Amino acid sequence: MLVSWNTTNACNLYCKHCYRDSGARAAEELDTVEGKKLIDEIARAGFKIMIFSGGEPLMRDDIGELIAYAHGRGLRPVLGSNGTLITPDVALKLKKAGAMAVGISLDSTDPDKHDHFRASPGAWQAAVDGMRACREAGLPFQVHTTVMEWNSDEIEELTDLSVKLGARGHHIFFMVPAGRAVNIEAETLRAEQYEQLLKRIMAKQSRVGIELKPTCAPQFMRIARQMGVNVRYTRGCLAGTAYCIISPRGDVQPCAYLNIPLGNVRQIPFDLIWRENEVLQRLRTLDYNGGCGTCEYKRVCGGCRARAHYYHGDYMAEEPWCLYHGRKGY
């Protein structure tokens with residue numbers, strides 16, 4: 001199980017697709033003491049991997065202290081970053097604190113396109129420099145790409161670049177409209193594009209030595225099985241079943257893009273929310289509606305619950321961008 005904590009809303013970039021609408025620090029963000037209490041509750045709930053994300057987590061002065069605390073509680077701390085603030089010194093400090101890996105965003109092989117998407121000149125080069133700093137410090141990193149219509153034809157090239165830079169993986173995020181991303185919803189992939197790109201990614205996986213992981217595209221599990229490609233995962237959508245996210249202020253929701261408040265950790269311990277919340281209990285039934293409910297792959301795919309909620313107003317509805325129609329329970 002893995003959990004993500006948006007440690008701050010502060011960010012040095014202003015990316016067009018940010019689901020948190022990050023930029024300025026939010027009022028009443030969890031402080032260091034509250035963060036450590038949250039980490040205790042996460043460990044008590046049985047989670048193994050803890051993602052420190054943002055905003056930009058490196059905007060927090062205490063991020064090293066929090067990572068070290070999580071490591072001491074037996075968690076596997078990882079960082080989700082835009083990479084632009086990772087200098088050689090920062091990379092060494094993260095490794096010393098106990099960070100096990102860093103995910104760094106890179107959305108194009110063309111620096112100008114990446115910089116435009118991230119609304120910051122020089123962001124591409126700074127991210128690549130951050131990757132090199134991680135490599136030199138012996139801190140594993142993976143490349144994170146948000147796929148849109150305008151960059152969908154260069155995903156394989158980005159995988160090749162990831163290999164060249166020394167990444168251990170390339171995770172491809174299929175955008176779900178949330179936060180600022182609702183303004184560019186028309187640029188997301190639709191059903192046929194979605195399916196074809198997943199097939200391309202799985203075909204590429206059979207030709208490269210690093211892990212390729214589509215995210216918020218759970219149909220990759222079905223496609224991998226249909227194509228005979230081995231992946232180490234057992235399920236596509238983890239929202240509410242083996243994953244959730246906590247906002248900078250302590251609000252818990254099933255995933256980054258499924259903006260349904262489940263409770264605040266200042267009022268209710270995280271482990272209690274995780275164990276007893278009714279929305280999470282319903283998600284765990286896998287009792288989906290429409291095609292997802294009858295699909296033979298529902299236990300390994302699950303459809304994107306956030307996309308179902310955005311387009312149908314029901315997080316248990318069928319995945320809107322899936323071409324496959326299952327005929328029996330599995």
Side-chain angles (χ1 to χ4, degrees), residues 1-4 19 47-49 51 80 103 142 144-147 152 155 159 169-178 188-206 211-245 253-258 260 279-280 282-312 314-330:
M1 298 198 304
L2 68 160
V3 62
S4 180
Y19 65 85
F47 282 82
K48 303 301 181 186
I49 300 173
I51 306 166
Q142 60 193 36
H144 291 174
T145 298
T146 297
V147 62
S152 61
I155 296 303
T159 295
H170 182 201
H171 288 209
I172 301 103
F173 289 73
F174 285 63
M175 198 193 81
V176 181
T188 62
L189 303 187
R190 295 310 196 241
E192 189 169 342
Q193 297 168 304
Y194 192 96
E195 184 92 358
Q196 291 305 313
L197 179 54
L198 287 174
K199 289 179 178 178
R200 284 166 44 202
I201 293 170
M202 289 299 99
K204 185 70 171 178
Q205 178 66 92
S206 65
E211 176 186 83
L212 305 187
K213 169 65 165 60
T215 299
C216 296
Q219 293 78 13
F220 87 91
M221 291 294 295
R222 163 180 58 83
I223 290 171
R225 292 191 174 200
Q226 291 171 333
M227 295 177 63
V229 178
N230 290 323
V231 295
R232 68 182 178 92
Y233 300 93
T234 57
R235 182 167 169 78
C237 182
L238 303 179
T241 61
Y243 171 79
C244 71
I245 194 166
Q253 60 190 69
C255 84
Y257 311 104
L258 185 50
I260 299 176
V279 173
L280 299 181
R282 188 181 179 206
L283 282 165
R284 292 164 192 167
T285 67
L286 310 187
D287 188 17
Y288 308 128
N289 301 319
C292 286
T294 58
C295 183
E296 62 194 288
Y297 291 100
K298 78 172 184 177
R299 292 191 180 277
V300 297
C301 170
C304 177
R305 297 300 96 216
R307 200 170 282 113
H309 185 257
Y310 180 83
Y311 290 100
H312 298 307
D314 177 6
Y315 59 85
M316 298 300 281
E318 69 179 17
E319 156 75 59
W321 300 136
C322 181
L323 290 179
Y324 188 80
H325 300 285
R327 294 179 298 277
K328 60 181 179 180
Y330 178 65

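Please read these numbers as outputs of a predicted model, since none were measured by experiment.
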Check your understanding: What's the spacing between Asp314 CG and Arg305 CZ if we round to 0.5 Å?
Key -> 8.0 Å
Review point. Would you say the side chain of Tyr257 lies within less than 4.5 Å of the side chain of Cys216, judging by non-hydrogen atoms?
Key: yes
Review point. Do the side chains of Met175 and Leu189 get nearer than 4.5 Å, heavy atoms only?
Key: no
Review point. At what distance, to the nearest 0.5 angstrom, does OG of Ser4 lie from CD1 of Ile49?
Key: 11.5 Å
**Study point:** Between CG on residue Leu286 and SG on residue Cys295, distance to nearest 0.5 Å
**Key:** 12.0 Å
Check your understanding: What distance separates Ile172 CD1 from Ile201 CD1, expressed to the nearest 0.5 Å?
Key -> 4.0 Å
Check your understanding: Taking the side chain as C-beta and beyond, is there a heavy-atom pair between Leu2 and Leu238 under 4.5 Å?
Key -> yes
Practice item. For the residue pair Thr215 and His144, establish whether any side-chain heavy-atom pair is separated by less than 4.5 Å. Key: no
Review point. Taking the side chain from Arg235 and the backbone from Cys237, do they hold a donor-acceptor pair closer than 3.5 Å?
Key: yes
Practice item. Would you mind telling me which of Arg200, Arg190, Arg222 makes a side-chain hydrogen bond (donor to acceptor under 3.5 Å, both in side chains) with Glu195? Key: Arg222
Exercise for review: State, with a plain yes or no, whether a side-chain heavy atom of Glu319 is found less than 4.5 Å away from one of Cys304.
Suggested key: yes
Practice item. Classify the ring geometry between Phe220 and Tyr233 as parallel (under 30°), tilted (30 to 60°) or perpendicular (over 60°). Key: perpendicular
**Study point:** All salt bridge (Lys or Arg N to Asp or Glu O under 4.0 Å) counterparts of Lys199, not counting sequence neighbours
**Key:** none
Practice item. Consider only side-chain N and O atoms of Tyr194 and Gln219, and report whether a donor and an acceptor are under 3.5 Å apart. Key: yes
Practice item. Rounded to the nearest 0.5 Å, what's the gap from OG1 on Thr146 to OH on Tyr19? Could you check? Key: 10.5 Å
Practice item. Please step through side-chain contact (heavy atoms from CB on, under 4.5 Å) for the pair Gln253 and Ile245, ending with a clear verdict. Key: CA-CA 6 Å; Gln253 60 190 69; Ile245 194 166; 3.2 Å; yes
Revision key, fill the gap. Of all heavy-atom pairs linking Ser152 and Leu197, the shortest is O-CD1, 4.0 Å
Review point. Going from OH on Tyr315 to CG on Leu258, what distance comes out if it is rounded to the nearest 0.5 angstrom?
Key: 8.0 Å
Check your understanding: Among His171, Gln205, Gln142, which residue meets the side-chain hydrogen bond (donor to acceptor under 3.5 Å, both in side chains) test with Glu211?
Key -> His171
Check your understanding: Which atom pair, heavy atoms only, marks the closest approach of Cys301 to Pro218?
Key -> O-CB, 3.4 Å
Check your understanding: Do you know the tightest heavy-atom contact between Met1 and Thr241?
Key -> SD-O, 4.4 Å
**Study point:** Arg225 side chain vs Asn230 backbone, donor-acceptor pair below 3.5 Å
**Key:** no
Study note, to complete from the structure: Smallest heavy-atom separation, Trp321 atom then Arg307 atom, equals CD1-CD, 3.0 Å
Practice item. Find out whether Thr285 and Met316 are in side-chain contact, i.e. whether some heavy atom of one side chain is under 4.5 Å from a heavy atom of the other. Key: yes
**Study point:** Smallest separation among heavy atoms of Val279 and Pro254, with atom names
**Key:** CG1-CG, 4.3 Å
Point to revise | Ile155 and His170, any side-chain heavy atoms less than 4.5 Å apart | key: yes
Review point. Counting only N and O atoms by type, is there a donor-acceptor contact under 3.5 Å from the side chain of Lys213 to the main-chain atoms of Gly169?
Key: no
Practice item. For Leu283 and Gly240, work out which heavy atoms get closest and say how close. Key: CD1-CA, 4.0 Å
